[in-house]
Amino acid sequence: MNKPNKVMVLGSGAITIGQAGEFDFSGSQALKSLREEGIKTVLVNPNIATIQSDQKMADKIYFVPVTPYFVEKVIAKERPDGILLGFGGQTALNCGVALHDSGVLAKYNVKVLGTPIEAIKATEDRELFVKAVEAASLKTPKSFAANNVNDALIAAEKIKYPVMIRSAYALGGLGSGVCRSNGELSEMARQAFANTPQILVEEYLEHWKEIEYEVVRDAFDNCITVCNMENFDPMGIHTGESIVVAPSQTLTNHEYHNLREIAIKLIRHLGIVGECNIQYALDPDSNEYRIIEVNARLSRSSALASKATGYPLAFVAAKLALGYSLTEIKNSITQTTIACFEPALDYLVVKIPRWDLKKFRNVSRRIGSSMKSVGEVMAIGRTFEEAMQKAVRMLDIGAHGLVGNGFSYDFEEELTNPTDERLFAVVAAMKNGYTVEEIHKRTGIDEWFLYKIRNILEVEGELIAAAKKELPLQLLKKAKQNGFSDKQIAIITKKTANEIRQLRKKNTIMPVVKQIDTLAAEYPAKTNYLYLTYNGDEDDVSFGNSSKKRIIVLGSGVYRIGSSVEFDWCCVNAVFTLRQLGYEAVMVNYNPETVSTDYDVCDKLYFDEISSETVADIYEKEKPEGVIISMGGQIPNNIAVKLAELGVNILGTTPESIDKAEDRQKFSQLLDKLGIDQPQWEELTSIYEAKRFAANVGFPVLVRPSYVLSGAAMSIAFNNEDLEQYLEKASKVSEEYPVVISKFIMNSKEVEIDAVAAGGKVTLEAITEHVENAGVHSGDATMVFPPKKLYVETTRRISDIAAKIAGALNITGPFNMQFLAKENEVKVIECNLRASRSFPFVSKVSKKNFAEAATKAILGLEDGGKGKTDAADGISCVGVKSPQFSFTRLKGADPLTTVEMASTGEVACLGATTYDAFLKAIMAAGFKLPEKNILLSIGGDEAKAKFLPYAKKLSDLGFKLFATEHTELFLEKNKIPATMLHKVSEEKSPNILEYLSGSNGKKLHLVINIPTSFTKKELDDEYVIRRKAADYGIPLITNLQLARLLAEALAAVKPEELEVKAWDEYN
Amino acid sequence: MTGNNGAALKAKLVLQDGTIFNGFSFGAGKSVPGEVVFNTGMVGYPESLTDPSYKGQILVLTYPLIGNYGVPGGSRDEHGLPLNFESEKIQAEGLVVAEYSVDYSHYTAAKSLSQWLKEEGKPAIFGIDTRQLTKKLREKGVMLGKIVIGEKNVEIEDPNLRNLAAEVCTDEKKVYNSGGKRKIVLIDCGVKLNIIRSLISRGCCVTRVPWNYDFLADKELDFDGIVISNGPGDPKMCTATIRNVAAAMKEERPIFGICLGNQILALAAGGDTYKLKYGHRSQNQPCIDTQTKRCYITTQNHGYAVNMKTMPAGWEELFVNANDGTNEGLRHKTKPFMSCQAHPEATPGPVDTAHLFDDFLGMMK
């Protein structure tokens, strides 16, 4: 075998809808696989919060955009002899294909390892794909490629409506949808062409079963299918939006193996080397099938399949890319058998997507053929009922399971037009007397799944009947076997969760621990990949005395807006630190997209719920020294108090202190006592009180619930009308906790501190400034570290306040605080006694690992008495973190940054100056630097005046300015040339819409739209401009400070001068 | 096991070593003894249950959800063979699963698994920790045991002391696809019907004869090749088959042994067989072709294996099991004799080695 010496791995960049944490998992495995071979590795990935971009993972790491331009620069510098394209999602694949086509790879003699480019193209270009499938005598849906709207209409005539359109080279089904008329098709096609040169018009296979296989093939033509999966939601709903089970549940031997055989036949025909995914539609009433697509790369499904089976697909794929045969690779679970086999499962997994659609203004909540979910959970069980109910709880949407939630639904509408709440609508329909057959007819969901749901309802019925009596033990056991949680049983039977727990313990109704071993117990497993089940009698593992001290780390749970890969980074670093220090690290997490759920990372992995019940059950079996709850974000943080009540030893900051920081009332009193300033606020339960408070302090006010995560239902109200509207929304979010209203201070800077303390003394801290003024959620803000525009006095005050709080709450471990700063006055707005979203960012810019330091502090290995380190000391570069939005995918959503977090991911780049780092960061987040035409639409005189010098700057740089009516008048008055464009509603030319849609050669390269206030009317007026910009893929800026920084940066640095340096070249 | 099965009758699985697993009955109300074996395949319970190789055995399925797609109807093909089953009836003595899915859903389903088992008089248990049971069988080896339904007890007995092949094979000579070009004599030691279908679909006329049929003495029987089928039990019980095959090996007509047929071919050639600790029963056994190094995923169901060291000169290994190194097939270096331990006819399982039928036919020129 001729192994390469140096291999470049392309990452996937920021997390977007359709491309999430799973690529940190696959990229990390690939790097591990390469390094094991002694091969030097070069990683390109601006997603700074990933594990794969940690120092120990790769030899050279570049935080630059994964675009042909930057990757070419890295290639020229590093001269790798091989490149892996299949581990960074569609982003890496597209970039690799472009580099190949432009001759860059040939020029630098870089060999594409694994699946050859030609095979990639045959899967990506629909026409080539259909030809390949036909050549293999297999079937695809009737389909026609169209290069313009007219072609699309002609194709639809041939196929007959309804038809489905999809775009080639797209991730997560972007720009796809069902069209039922010429009108719908023209509009959808036009939008799709804004992002892609080609679309497909296809036969619409409504209600066919949707089945996937993960296929692995080596260069010697050994070919296996590692896992198959069945979608609970049939065709018509994107697989990323579907509930998925593995293995398939309703397929016969003939169907299972027929589709397997077809997969192998096609993959051999295409010549794939490594891993790929194949999707089918299967007729529920005959043998007919259609091949929907092949993804010639690691994918979300492959990550799920890896976790579902224990087969490390990415790790194996990387080895195969180097030229190994499948027979030469060991099964990493048994260590005795080989990787050339197909896992046998003796459990099933259920995956459910997590949506966050309520966070977006105006978004359509319908789910369908394009992806909108932002995360997913996977539950393991030995019955469908058990796995399903676990998964529902894992979503962390306030549901206790499938039943017992007290939700009400308009199920009639939901059954035919599904939204993110369809599962609950099915349950509601069943409760209201709908039969399995009726629901099946409406939804296409296979009866088998519906029967299983009905079983859960039947058990609920039995529990209700037993509500007033003593709970029969047999029924309690049955409920547990059907996946009911203690809390759920308690709610239904009108008892407390603790009563149920005590009853269980007294009668030894406890879960058993089972192992995932890839071979259904045929061979012993060497790894500890575990789950809990009530459908079994014996633990697979013993919990006997380990020579090492054992510590449990709670993971971050489901990814959602506000909690993503950053927390996984913290958890994995905590585990690394524990293991390095000789502890036995036990991980609990259930998110299949994470690195922390790679069983290789920790000593023991419990792939299960992060609930007080489950963690306490694990704790009682494992008997560890304690549990670390401060690394995984809000989910573990929220159960701290309950765990402590159940006798769990919480390591680090005490649950009492956590409660003091989380409870607004208690925290405010503490601030007052310490003489620390905070914006005026009040906790309120009625609209009358709220109005009184607002009248007192004056509008605008900020409305939010307590126990807040990523500003759930947080809003700014500018008047009484707003206030009423928002309060309604906020009270829906959380009934247990009242609503808090505070004075919103305009034109304030926002500053954060990330810190580690030991015994109440800060040992390490990093102060970060936001580019955007307060009013933009910290998760959506552009962050600069070390700060460049803060007064020394401001940072000194912030540091002092953090020290006071650390002392008062006796913090040991990580914490984060957010402040408003205006003319050196500093007010505290938030304090979290846990790791924060920005931990990886400040850690990597400063090269001081905050997660490691926090873990050491928790273990008592940090000395608080030694004084503190400012992470910014000695740093000569600047790091800029930019948010990544996914508005293009969220049909109808207003692409605006507000107090409600909307970004799905983030990137960070380093540079010698803020400008350099900033431009790279926004480009890494998908922002195309403007070529020529910029539309300005600035609301309000103050903002117009503030932007004037920057408009001049842009004009002087040679950009052609366009403007809406008032902005244009203002520019004209100030002698800046601009072309006025009419509002969309005016239907007069030149019109904004013409320029947005790019018709007749007119084109905008950037839209700067700054709304004056955030009142509903104001927002609605220009909504259409922002939305169309998103639909047509035109970069959009809606914040004044950000727009100014962009203008400055464009003036200061030419794009071709942006530096391309590896992380280790910065200090 | 989730207990959504109404007031099911209590049932238990008792192992030879005294271990008792308690569950509930969902099959016939009859207690039976048998050899307790596990299969890790995730699909294909109708095919597995009708596989004659399970004669005498109590089948434990490790996949926990069984019965999901019901049981298909008994329609037959043009040759009179059942379309959906591997023999005319359920062959396993009993079935043990974790969860039985009372409700089923599939367009081909004609009845529930429970109904079928009851009709065929076969007991079945659900509510068992099948993983715990499997680990026990893995560690201690396959064990004798019994399914006890209600109070009806039964004595444990060893089925391997019987000639099981004789119990499951055809009673008389049968000819399928009489117009077929190539004439194959199929020695039925408990043949899975898909072996016959696989030969017919390749244009063969198949004469199916009982395990002890002296086909060389049958002067009316004209054939181009011999297939020795799969079947239950200890291959050494099939003395007549071994004798007949040994005689046939004196000629040059191609011979193809499948599963038990692999073991019989080895015994006929003078080699030896032995009992595996817990056998291979699954759909994911990797077998490496010793010549090409290609690895195939195979479906298997056997408790005995060929001891390669005992094979006389002139024989070589065709396949080897990539997990445990056991023999997975034989080939004579100069004569047209070959065999495989796995099931090229699949059903249930992958069809990766279906080409072996072509290889066999290719030997006929």
Side-chain angles (χ1 to χ4, degrees), chain A residues 220-222 224 247-257 260-261 264 284-286 325-327 336-338 340-348 382-386 436 446-449 451-452 454-455 458-459 474 477-478 481-482 512 514 519-524 535-538 540, chain B residues 1-4 21 38 40-48 62-65 68-69 72 84 98-99 101-108 127-135 137-139 278 280-286 288 292-297 322-324 346-352:
Chain A
F220 309 94
D221 213 17
N222 292 310
I224 58 171
S248 61
Q249 296 301 320
T250 71
L251 264 53
T252 61
N253 174 68
H254 173 77
E255 290 168 325
Y256 183 105
H257 285 288
R260 174 189 179 275
E261 195 52 20
I264 290 175
D285 298 313
S286 83
S325 153
L326 265 172
T327 58
T336 54
T337 58
I338 65 164
C340 191
F341 82 110
E342 302 187 350
L345 282 58
D346 58 5
Y347 51 87
L348 84 163
R382 280 173 59 87
T383 65
F384 177 82
E385 293 86 343
E386 182 179 49
V436 162
D446 194 281
E447 281 105 324
W448 187 83
F449 295 111
Y451 290 134
K452 293 286 167 187
R454 195 176 65 185
N455 287 345
E458 280 171 11
V459 177
Q474 223 175 344
K477 185 164 185 190
K478 182 171 170 179
Q481 290 181 330
N482 277 280
V512 294
K514 294 284 183 193
L519 285 162
E522 191 186 354
Y523 284 85
N535 294 289
D537 302 327
E538 184 191 64
D540 271 351
Chain B
M1 173 163 252
T2 45
N4 296 324
F21 290 86
F38 66 88
T40 66
M42 299 185 288
V43 285
Y45 55 84
E47 290 85 351
S48 288
T62 63
Y63 188 68
L65 283 69
N68 301 6
Y69 50 86
N84 301 306
E99 196 204 29
S101 185
V102 176
D103 301 297
Y104 59 90
S105 161
H106 202 270
Y107 78 97
T108 59
I128 300 291
D129 185 341
T130 44
R131 184 170 168 86
Q132 182 188 9
L133 172 58
T134 301
K135 280 174 68 188
L137 297 176
R138 176 186 83 206
E139 281 153 17
Y278 51 91
H280 294 155
R281 290 177 191 85
S282 61
Q283 299 171 18
N284 63 350
Q285 295 285 337
I288 294 179
T292 62
K293 303 290 173 209
R294 272 283 294 281
C295 187
Y296 298 96
I297 305 301
N323 282 342
D324 62 11
T347 56
V351 298
D352 289 14

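In what follows, chains carry the letters A, B, and so on, assigned in the order in which the sequence lines appear, proteins first and then strands, with residues in each chain numbered from 1.
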Closest-packed option against chain A by number of heavy-atom pairs under 4.5 Å, given Leu65(B), Thr347(B), Thr134(B) | Leu65(B)

Answer yes or no: is there an ion pair linking Asp129(B) with Lys135(B), defined by an N-O contact shorter than 4.0 Å?
-> no

Where on Gln474(A) is there a heavy atom nearer than 4.5 Å to chain B: the side chain, the backbone, both, or neither?
-> neither

Please step through salt bridge (charged side-chain N to carboxylate O under 4.0 Å, His left out) for the pair Arg454(A) and Asp103(B), ending with a clear verdict.
-> CA-CA 10 Å; Arg454(A) 195 176 65 185; Asp103(B) 301 297; 3.5 Å; yes

Quick one: what part of Thr336(A) sits under 4.5 Å from any heavy atom of chain B, side chain, backbone, both or neither?
-> backbone

Side chain of Asn482(A), backbone of Glu385(A): donor and acceptor closer than 3.5 Å?
-> no

Name the region of Phe38(B), side chain, backbone, both or neither, that has any atom closer than 4.5 Å to a heavy atom of chain A.
-> side chain

Which answer fits Pro343(A), side chain, backbone, both or neither, if we ask what part of it has an atom under 4.5 Å from a heavy atom of chain B?
-> backbone

Between Asp324(B) and Tyr523(A), does a side chain to side chain contact (heavy atoms under 4.5 Å, CB included) hold up when you go through it step by step?
-> CA-CA 10 Å; Asp324(B) 62 11; Tyr523(A) 284 85; 3.6 Å; yes

Under 3.5 Å donor-acceptor, Asp346(A) side chain and Thr62(B) backbone | no

Tyr104(B) portion near chain A, given a 4.5 angstrom heavy-atom threshold = backbone

Residue among Thr250(A), Ile224(A), Thr337(A) with most heavy-atom pairs under 4.5 Å to chain B = Thr337(A)

Indicate yes or no for a side-chain donor-acceptor contact from Tyr63(B) to the backbone of Ala344(A) under 3.5 Å, with no hydrogens or angles considered.
-> no

Candidate pair Glu386(A) and Asn535(A), rule side chain to side chain donor-acceptor pair (under 3.5 Å), full reasoning | CA-CA 9 Å; Glu386(A) 182 179 49; Asn535(A) 294 289; 3.1 Å; yes

Considering only heavy atoms and a distance below 4.5 Å, find which of Gln285(B), Lys293(B), His106(B), Arg138(B) pairs most often with chain A.
-> Arg138(B)

Using only heavy-atom distances, determine whether the side chains of Arg281(B) and Ser48(B) contain a donor-acceptor pair under 3.5 Å.
-> no

Is a salt bridge present between Asp352(B) and Arg294(B), judged by a nitrogen-to-oxygen distance below 4.0 Å?
-> no

In terms of heavy-atom proximity below 4.5 Å to chain A, should Glu139(B) be classed as side chain, backbone, both, or neither?
-> neither

Among Val436(A), Leu519(A), Thr252(A), Asp446(A), residue most engaged with chain B (heavy-atom pairs, under 4.5 Å) | Thr252(A)

Looking at Glu255(A), Glu447(A), Gln249(A), Lys477(A), which makes the most heavy-atom pairs under 4.5 Å with chain B?
-> Gln249(A)

Measuring heavy-atom distances to chain A, does Glu47(B) have an atom under 4.5 Å in its side chain, in its backbone, in both, or in neither?
-> side chain

Of the backbone (N, CA, C, O) and the side chain (C-beta and beyond), which part of Asn84(B) lies under 4.5 Å from a heavy atom of chain A, both, or neither?
-> neither

Bottom line for Thr292(B): the part with an atom under 4.5 Å from chain A's heavy atoms is neither

Show your reasoning for whether side chain to side chain contact (heavy atoms under 4.5 Å, CB included) applies to Lys452(A) and Thr383(A).
-> CA-CA 9 Å; Lys452(A) 293 286 167 187; Thr383(A) 65; over 6 Å; no

Where do His280(B) and Asn323(B) land on the side chain to side chain donor-acceptor pair (under 3.5 Å) test, with the steps shown first?
-> CA-CA 11 Å; His280(B) 294 155; Asn323(B) 282 342; over 6 Å; no

Does any heavy atom of chain A fall under 4.5 Å from the side chain of Thr40(B), the backbone, both, or neither of them?
-> both

Phe449(A) portion near chain B, given a 4.5 angstrom heavy-atom threshold = neither

Measure Glu261(A) against the heavy atoms of chain B and call it side chain, backbone, both or neither at under 4.5 Å.
-> side chain

Engaged part of Leu326(A) at the chain B interface, taking heavy atoms whose separation is under 4.5 Å | neither

Which region of Arg131(B), side chain (C-beta onward) or backbone (N, CA, C, O), has a non-hydrogen atom less than 4.5 Å from a non-hydrogen atom of chain A, or is it both or neither?
-> both

So which of Leu251(A), Leu345(A), Ile264(A) has the largest heavy-atom pair count under 4.5 angstrom toward chain B?
-> Leu345(A)

Would a line drawn from the ring center of Tyr69(B) to the ring center of Tyr45(B) be shorter than 6.0 Å?
-> yes

Name the region of Phe341(A), side chain, backbone, both or neither, that has any atom closer than 4.5 Å to a heavy atom of chain B.
-> both

Among Pro46(B), Ser105(B), Gly44(B), Ala322(B), residue most engaged with chain A (heavy-atom pairs, under 4.5 Å) | Ser105(B)

Side chain to side chain contact (heavy atoms under 4.5 Å, CB included) between Val43(B) and Asn253(A), intermediate numbers included | CA-CA 5 Å; Val43(B) 285; Asn253(A) 174 68; 3.9 Å; yes

